[in-house]
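Just so you know, ligand 1 is whichever comes first in the structure, and atom 1 is the first atom listed for that ligand. Throughout, residue positions are numbered sequentially from 1 according to the sequence presented.
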Amino acid sequence: MNLFDSHTHIDMKHFQNDLDRVIQRARDAGLIGMVTSSISSGSFRRTIGITKKYPNFIYHSAGCSVSQLTEKEATTVIELITRYSKDIVAVGEVGLDYHWIKDSRGRSAQEPLFSKFIELAMELKLPIVIHSRKAEQRATEMLESQFSGDVLMHCFDGPPEIAKRIADNGWYITLPANFDKYRNRISSAKILPLDRVLLETDGPYLSPTPLRNEPANIKYGCEALSRVLNLSTEDVAIATTNNAKRFYRL
Ligand SMILES: [Zn+2]
């Protein structure tokens with residue numbers, strides 16, 4: 001079965017002692033590739049080394065940790081993305097976070113930084129991967145008015161009316177491996193056409209098991225989606241892997 005992990009954080013310290021074994025387990029589980037998302041300038045540099053070590057298997061999407069982003073760090077990450085744009089497959093995750101940032105000043109302060117990354121993705125003609133935790137509506141509004149290109153709402157957990165807007169816009173979403181524990185995500189899986197849905201682990205986070213989440217666990221997401229949509233796991237694997245290849249232009 002050909003599976004694909006569309007969003008993970010393989011450069012994190014959780015994987016530094018046994019990365020080779022994690023990658024081997026992913027291959028053994030049927031993965032044909034994964035996109036790892038760097039979230040800072042340090043993470044960006046580590047990820048360059050990792051993608052060199054696993055060519056044509058690990059791809060790099062470059063963004064930032066949205067809730068902790070400063071102007072200075074955004075500038076550094078933007079410089080790196082510009083310099084290495086040929087080596088990355090998407091800008092992101094970038095976006096808005098209302099889960100960790102609760103005050104309205106802090107929330108609106110994120111918008112100009114998000115806009116810079118939107119502009120960058122437009123300039124470089126790269127697809128954009130969006131973090132929109134609890135901020136799905138505002139992130140959607142900003143993208144609708146500022147971006148034209150392929151959008152992936154990563155780990156999407158917005159309400160059905162935003163899922164419908166995403167479907168109307170022809171954008172993509174990813175569902176995490178444990179998505180069938182969340183009501184909004186189950187309804188999104190039904191609202192979005194299957195050719196717009198990708199699977200991700202977001203490892204080491206959001207584990208469907210009691211252990212650290214890793215790319216091999218994408219099979220749990222595939223099984224969950226096949227149950228929700230009443231399709232075979234084979235059909236879900238083929239569709240979601242094709243969607244990932246199309247979105248990231250692999
Ligand atoms: Zn992530």
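We find that Glu71 and Lys116 are joined by a salt bridge, their nearest charged nitrogen and carboxylate oxygen being less than 4.0 Å apart.
Remark: Glu141 engages Gln137, Arg138 in a side chain to side chain donor-acceptor pair (under 3.5 Å) (not counting sequence neighbours). Not counting sequence neighbours, Lys164 has no partner by the side chain to side chain donor-acceptor pair (under 3.5 Å) test.
Judged purely by atom type and a 3.5 angstrom limit, Asp5 has no side-chain atom pairing as donor or acceptor with the backbone of Ile218. At least one donor-acceptor pair closer than 3.5 Å links the side chain of Thr241 to the backbone N or O of Asn2.
For the Zn ion (ligand 1), the neighbouring protein N/O/S atoms at less than 2.8 Å, given as residue and atom, are His7 NE2, His9 NE2, Glu93 OE2, Asp202 OD1.
Sorted by first and then second residue, the pairs that involve residues 29-40 and meet side chain to side chain donor-acceptor pair (under 3.5 Å), not counting sequence neighbours, are Ser38-His60.
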